[in-house]
Amino acid sequence: MSETVVLKIRRGGPGETPRTETHAVPFEPGQSVLDALRWVRVHTDPSLAIRYSCINANACKECMMQVDGKTVYACLARLEAREMRIEPLPNKALIRDLVTEIAPTDERLGSG
Amino acid sequence: MLGNRGARARATDSGPASGMHLTTDVLIIGAGGAGMYAAIEAARRGATVLLIDRSLIGRSGGTVMAQMTVAVAVGEEAPDHWEHHLADTLAAGRGLCDPDLAQLLCEDGVECIREMDTWGVGWARANGHLSQVMAPGHDRPRCVYVDFLNTGPAVSRTLRTQVIRTPGIRRVGDLVVTDLVVKDSICTGAQAIHNATGAAVSITARATIIATGGLTRLYRRNSASANMGGDGYALALRAGAELIDMEFVQFFPIGHLAPRMIGMDPIMWDPFRYKLGGRLLNGAMEEFTHRYGATEGGKYVLTRDLATYAIIKEAAAGRGSPHGGAYLSFQHLSREVLKEAFGPVIDRIAKNGIDLTQQPIEVAPIAHYHMGGIQVDRAMRTSVEGLFAAGEAVGGANGANRLSGNAITEALAFGRVAGRSAAARVQATANASFNGAMPNRPSPGRAMRFNPAETLAQLQDVMQDDVGPFRTKAGLERALVAIRSMRAEVGDTMPQFAAGHDASRLDWLDLRSMLQVAETVAHAALLRTESRGAHQREDFPGMDDAWRINQTIRLDSADIAIARRPSLHQPAKP
Ligand SMILES: Cc1cc2nc3c(=O)[nH]c(=O)nc-3n(C[C@H](O)[C@H](O)[C@H](O)COP(=O)(O)OP(=O)(O)OC[C@H]3O[C@@H](n4cnc5c(N)ncnc54)[C@H](O)[C@@H]3O)c2cc1C
Ligand code: FES
């Protein structure tokens, strides 16, 4: 049997009571947490909201979230074959699931 | 009074969920190198500018990810002239370049690179001049860079700072343009969706510039960001503009494949292989490229086309590396030599748990750049009035193949020209009445019954397997059947989505454009019955003089119509 990662993902939108979902993802050494979240979207649940652009170039800085209570870039955080707790940034406005409002204030739609 | 603000915003309805309207002189779609340069140029010529991006401003496309070099004939390392750069560019384009566009890239590129220098981009310097390095296909050291793989981030950061400093530019992120608005054959703006809220946003503009970058996300193996699915090509097509050279997708032969490595550009191995003579080996750790007509003798003499061919064929014969590529080994070199050549990059590789003295890595060809794109004239005008394009979104400058380092130069130079042309149009039409009212958004269709993220991955497989670097009639026909059946499933009417942010909404929008663009690539590739540059047909090997022809594509009602015209780059008459 190949190894699996168990992701405990905090989900929900603004104003909703957050819920924690469990997703099992096949583990491949060297993968990032973002790889596992993308796997979930393609294979089990496309409604999972995550945000990223560059995927692994460490360039866009969009994939910030909390893994086991620590703020990380999901594309740089190593996946491990164990249970991992994934949550949105606590200090930014929640948009949905793991997506929070990270754009500079004067680059947002409402700022005009 | 506009003050320091660009476009005026006015909510036309009660709340953000029900729609919003923005008005500007110049709308720029995409905030990469091309879009940001265009914004600066249009604003300093007096236009108000709305610069939008489907993700963050200056952090979402190819520009920020580029780590290598920028080709430009500044002649600081060795005497040079843009005409030499042009000659190399035309040679690489194998007879298909639009010489006017290629010249613009090479000639105006010089001024743009110099202006970036005054803005403090930090081009590497040695002995009091800009450092320029050799790159394949260039006849002399021509490529400037910012040290330690920072070229793209530095270019993006510098332009973003300059955008912020220039009065008259408003920036809005997280706004994905879904369609252009064309009235009486004139482009009058665009429709967009705000990702975070799902709000529909309409934008009125006297001039619109598509600066959305390339399409390499169409492929399973790519160097793309999530925003590089070719939106701009689909927008242009649906607006009635023409595309050109869509069959020419550049594959980079030794993209990183395995072990999974994070925080690195997947095309990073090339300069090291070039410098150090890294060895390409098959799954049995044997040299194999000689079987495909290349003698290496420890040196990097293998052309990109041949390397791509050899790796793909070896893997297809069941002799590939475990992940279906080839091994690249530096094990014959000492730790000291590696440390010297890789500099700080060796630490980043080590952080990924990779010791190059002990293990090879795996590489495979990956989709990297698109030579084709929207057809424009020297002023970056498309065939639709009021609609311009710039950067990788434009086709024609690089013909059938692009020289390394030409893409950033292209983005900057074309962005600047597009900004100038858009501002000129704003001035010229200042007194004309302008009806920019927006059509109503069609009501949403049924709920979606498929997983769009999964369908998207399937499309990437189809493109990789059958519309990749080596093509056959059977494969291309198979791909077209698959693409058309996916298009039928995905549909053209936006399905019903949850209010607010819905991850599947963006997937659906991406699928809609990617499928449309994929069809143009596969179709143009099927019709071109020869091999030239980045388009290689296994059933039609070799270049055919009769094919010194560009294929152009437009929409004829819902179907794509492909036409041919003799290349503008014809050999000089003796
Ligand atoms: C990993 C990598 C390395 C590279 N290295 C080099 C190099 O060393 N030298 C070189 O010359 N070239 C290199 N290239 C190519 C070069 O970076 C690109 O061709 C160039 O930067 C393109 O610039 P652009 O402004 O046209 O597009 P991009 O920089 O890609 O910007 C396009 C922007 O448009 C936005 N957008 C797309 N669709 C929409 C929409 N529907 N609505 C709103 N916004 C949208 C995107 O989010 C993105 O921000 C590299 C490319 C990659 C991917
Ligand atoms: S996805 Fe770009 S930094 Fe993580």
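Per chain, numbering begins at 1; letters A, B, ... match sequence-line order.
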Checklist entry - When heavy-atom pairs shorter than 4.5 Å are enumerated against chain B, which of C60(A), A59(A), A49(A) gives the highest number? => result C60(A)
Checklist entry - C75(A) versus chain B, heavy atoms under 4.5 Å apart: side chain, backbone, both or neither? => result backbone
Checklist entry - Which bit of L48(A) is near chain B, if near means a heavy-atom gap under 4.5 Å: side chain, backbone, both or neither? => result backbone
Checklist entry - How far does CG of L511(B) sit from CG of L459(B), to the nearest 0.5 angstrom? => result 7.0 Å
Item to check | Step-by-step side chain to side chain contact (heavy atoms under 4.5 Å, CB included) determination, M36(B) to T63(B) | outcome: CA-CA 11 Å; M36(B) 289 195 285; T63(B) 305; 5.7 Å; no
Checklist entry - Which of the residues N58(A), I55(A), D97(A), L76(A) is involved in the greatest number of heavy-atom pairs with chain B at under 4.5 angstrom? => result L76(A)
Item to check | chain A interface, residue from V64(B), I57(B), N227(B) that has the most non-hydrogen pairs under 4.5 Å | outcome: I57(B)
Item to check | Per-residue contact mode, N352(B) against chain A (heavy atom under 4.5 angstrom) | outcome: both
Checklist entry - Salt bridge between R78(A) and E80(A), side-chain N to carboxylate O under 4.0 Å? => result no
Next on the checklist: Taking every non-hydrogen pair under 4.5 Å, which of R505(B), R160(B), M228(B), R54(B) racks up the most with chain A?
Outcome noted: R160(B)
Checklist entry - Should the heavy atoms of other residues, nucleotides or ligands under 6.0 Å from CZ of R449(B) be counted, would the total exceed 12? => result no
Checklist entry - Does a donor on one side chain sit under 3.5 Å from an acceptor on the other, for S202(B) and Q191(B)? => result no
Checklist entry - With a 4.5 angstrom heavy-atom cut-off, which part of H501(B) approaches chain A: side chain, backbone, both or neither? => result both
Checklist entry - Can D461(B) and R221(B) be counted as an ion pair, charged N to O under 4.0 angstrom? => result no
Checklist entry - Would you say the side-chain atoms of D53(B) and S55(B) include a donor-acceptor pair closer than 3.5 Å? => result no
Item to check | Portion of A258(B) that has a non-hydrogen atom of chain A nearer than 4.5 angstrom | outcome: neither
Item to check | Interchain contact, P14(A) with chain B, by part (heavy-atom threshold 4.5 Å) | outcome: neither
Checklist entry - What part of M261(B) is in contact with chain A, defined as an atom under 4.5 angstrom from a non-hydrogen atom: side chain, backbone, both or neither? => result backbone
Next on the checklist: Please classify the contact between A196(B) and chain A as side chain, backbone, both or neither, with a heavy-atom cut-off of under 4.5 Å.
Outcome noted: both
Checklist entry - Quick one: what part of D502(B) sits under 4.5 Å from any heavy atom of chain A, side chain, backbone, both or neither? => result neither
Checklist entry - Can you say whether R51(A) sits under 4.5 Å from chain B via the side chain, the backbone, both, or neither, judging by heavy atoms? => result side chain
Item to check | Pairing of R108(A) and E101(A) as salt bridge, 4.0 angstrom limit | outcome: yes
Checklist entry - Below 4.0 angstrom, N of the basic side chain to O of the carboxylate: do E83(A) and R85(A) qualify? => result no
